[in-house]
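Below is one structure, written out as structure tokens, with a few remarks after it.
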Amino acid sequence: MKLGKKASAAVLAASLLAGSVALITPKPTMAEEIAINESEVSVMAAATSTVTLPQSNEAPKYIFMFIGDGMAHSQVNAAQIYKGTIKDAAAVEIESLEFTKFPVVGNVYTQDATSFAPDSASTATSIASGVKTHSGVIGMYEDKVTPVTTIAELLQDEGYKIGVVSTVTLNHATPAAFYANVSSRNDYYDIGLQMADSGFDYFGGGALNNSTNSGQSEDIYDIMRANGYTISMDKDEILDFNSDSGKVYAINPVLVGGAMPYALDTTSESLELADFVQKGIDVLDNENGFFMAVESGKIDWAGHANDAMSNIADTIAFDEAIQVAIDFYNQHPEDTLILVTGDHETGGMTLGQATTGYDTAFDLLKHQTISYELFDDKVDQFAAEYPDAVFNDMLPMIEQYFGLVTADNAHNAKNDLLVLSDYEYRKLEESFYQSMLAKADRDNSIESQIAYGGYDPLTITLTHVLNNKAGVGWTSYAHTGLPVAIYALGNGQENFGGSYNNTDIFNRLATLCNVN
């Protein structure tokens with residue numbers, strides 16, 4: 001535990017903004033909470049006033065903090081629309097994600113100290129520690145020197161066991177915000193050292209970035225083992241971990257660049273985010289309670305890459321992981337609090353776009369069967385094997401993985417809307433020839449940067465074409481300043497309604513848990 005930080009945390013918590021009234025009085029039964037009508041949720045979320053937050057006499061014993069990286073209202077509703085349309089393409093109905101049924105919903109502003117389109121380092125710091133800081137900074141004030149104390153560290157001091165889970169690397173910005181203090185999110189080795197020294201009880205999901213600092217320093221994994229962690233990538237061993245296993249770092253058996261695969265690409269050899277949440281419950285189980293921070297990190301990555309289907313699939317997988325916590329809540333309703341939020345929005349995702357007007361056809365997205373990440377690999381392999389190929393040679397692969405066909409092959413289309421227009425064909429053909437070039441030889445004009453955003457030209461053009469046909473648009477390859485939602489269920493849920501800055505997630509939780 002880092003010294004001298006509790007005092008600063010107390011100062012932060014003392015600045016707690018006025019919050020909302022209790023939104024549900026008396027507290028409903030767990031069945032009423034989960035089945036509550038969505039229109040009632042909207043009314044309750046709006047029914048706030050400036051009053052002092054009630055002090056809880058008894059803090060929640062089990063706390064889940066779920067963060068969908070890059071997940072704002074548009075990502076949530078895209079998943080709901082998709083689920084509704086694949087169930088019945090003719091119906092204009094959503095199929096709700098389970099966490100959207102929570103009885104309290106709030107609205108959270110995400111700007112940091114330097115930008116209205118912030119990054120994950122600063123926004124996760126705000127959520128974990130109640131501080132606005134610079135983009136790129138983790139766990140420090142605006143001076144980039146003074147460290148903060150996180151809600152996880154405060155609860156650890158109170159005897160809670162602590163877990164951190166992410167689908168991306170565990171020393172990436174969002175998970176790191178719960179245990180690290182660095183002026184740059186790119187200091188992966190330093191972040192890893194702080195992870196090893198955190199004393200947290202459970203880490204799960206992805207691996208580590210730069211675990212040996214380019215081979216010049218002691219391996220973080222070895223340091224963690226020396227600090228008493230059992231580290232495993234074995235699926236069966238991970239599934240056997242329990243409360244007697246001690247401190248654990250469970251790494252997914254299948255990794256892509258250190259991260260878990262997209263949900264769209266998951267195979268039976270892999271674990272899923274829901275498995276890591278369940279395993280966290282098993283490992284952290286103890287009489288003093290636990291706090292578990294869980295990030296779905298590749299919702300953000302899919303947003304950067306403008307890949308709607310990968311974004312939706314990971315959001316649905318995130319909901320399935322939250323369902324594990326809901327099941328736990330159903331067993332411990334008086335002792336459990338579940339919070340679900342996003343750190344910022346990514347990609348400027350719109351539900352409806354210029355070429356489709358008032359129409360959408362989200363069911364078309366189901367014809368994309370792998371993520372942009374996996375298709376990138378296939379494009380690279382194709383270019384290496386067939387350097388003299390022409391665009392028509394690629395069409396069978398495009399049909400296989402995206403369902404798109406040319407007018408000449410319209411009879412093969414699984415849906416008439418999947419037939420390429422002349423304009424779409426030309427755009428794909430142009431991008432194909434860019435993808436066949438070595439990266440250093442590709443067009444680097446402003447027009448190309450806008451069209452491809454630094455991603456593989458053919459892959460991102462394919463996702464744009466399919467997304468646009470479905471009625472999904474994108475405005476950015478970066479983050480935007482859109483607010484995000486927060487959903488709350490359980491002991492203390494009434495404290496999280498209303499509209500407020502992301503720093504108040506920490507403030508309200510710290511007050512609820514009496515650690516301010």
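Sequence positions, counted from 1, serve as the residue numbers for this chain. Just the heavy atoms: all of them, side chains too, but no hydrogens, waters or symmetry mates, feed the values below.
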According to salt bridge (charged side-chain N to carboxylate O under 4.0 Å, His left out), does anything in [range] pair up with another residue at least two apart or in another chain? List the pairs.
range	answer
residues 132-142	none
residues 206-217	none
residues 283-296	none
residues 176-190	Asp119-Arg185

Report yes or no: does [X] contribute a side-chain atom to a donor-acceptor pair with the main-chain N or O of [Y] at less than 3.5 Å?
X	Y	answer
Asn507	Gly130	no
Lys279	Leu239	yes
Ser166	Val168	yes
Asn181	Pro147	no
Gln194	Ile191	no
Asn252	Gly206	no
Ser296	Phe318	no
Thr100	Leu97	yes
Lys247	Asn227	yes
Thr350	Gln353	no

Going by ring-ring contact (aromatic ring centres under 6.0 Å, His included), name the residues that satisfy it together with [X], two or more places apart in sequence or in a different chain.
X	result
His172	Trp301
Phe328	Tyr62, Phe64, Phe290, His332
Tyr487	Phe99

Open item on the list: Going by the rule salt bridge (Lys or Arg N to Asp or Glu O under 4.0 Å), which residues pair with Asp222 if we only count those two or more places apart in sequence or in a different chain?
Closed with: Arg225
- [ ] Name all residues meeting the salt bridge (Lys or Arg N to Asp or Glu O under 4.0 Å) criterion together with Asp456; count only those two or more places apart in sequence or in a different chain, and write none if there are none.
- [x] Arg442
Open item on the list: Whether Glu373 and Lys298 form a salt bridge (side-chain N of Lys/Arg under 4.0 Å from carboxylate O of Asp/Glu) is what I want to check.
Closed with: yes
Open item on the list: So which atom in Asn491 and which in Glu58 form the shortest heavy-atom distance, rounded to 0.1 Å?
Closed with: ND2-O, 3.4 Å
Task: Which atom of Gly297 lies closest to which atom of Thr167, heavy atoms considered - done: N-OG1, 2.8 Å
Whether the [X] and [Y] side chains hold a donor-acceptor pair (N or O, under 3.5 Å, no angle test) is what I'd like checked.
X	Y	result
Gln75	Glu345	yes
His344	Ser120	yes
Thr463	Asn306	no
Gln278	Asp327	no
Ser126	Asp112	no

- [ ] Please step through side-chain contact (heavy atoms from CB on, under 4.5 Å) for the pair Phe291 and Lys161, ending with a clear verdict.
- [x] CA-CA 6 Å; Phe291 171 88; Lys161 288 194 172 184; over 6 Å; no
Open item on the list: According to side chain to side chain contact (heavy atoms under 4.5 Å, CB included), who are the partners of Ser217, at least two apart in sequence or on a separate chain?
Closed with: Tyr189, Asn213
Task: Contacts of type side chain to side chain contact (heavy atoms under 4.5 Å, CB included), residue Asp275, not counting sequence neighbours - done: Leu271, Glu272
TODO: Could you name each residue pair satisfying side chain to side chain donor-acceptor pair (under 3.5 Å) that touches residues 309-321, not counting sequence neighbours?
DONE: Asp307-Ser310
TODO: May I have the step-by-step check of side-chain contact (heavy atoms from CB on, under 4.5 Å) for Met71 and Val484, ending in yes or no?
DONE: CA-CA 7 Å; Met71 186 187 80; Val484 300; over 6 Å; no
TODO: Start with the C-alpha gap between Tyr109 and Gln111, add the side-chain angles, then the distance that decides, and say whether side-chain contact (heavy atoms from CB on, under 4.5 Å) holds.
DONE: CA-CA 6 Å; Tyr109 302 110; Gln111 74 277 0; 3.5 Å; yes
- [ ] Measure from the ring center of Tyr262 to the ring center of Tyr372 and say whether it is less than 6.0 Å.
- [x] yes
TODO: If the plane angle is over 60° it's perpendicular, under 30° parallel, otherwise tilted; pick one for Tyr179 and Phe200.
DONE: perpendicular
Task: Test log, rule side-chain contact (heavy atoms from CB on, under 4.5 Å), inputs Ile63 and Leu155 - done: CA-CA 10 Å; Ile63 303 168; Leu155 291 172; 3.9 Å; yes
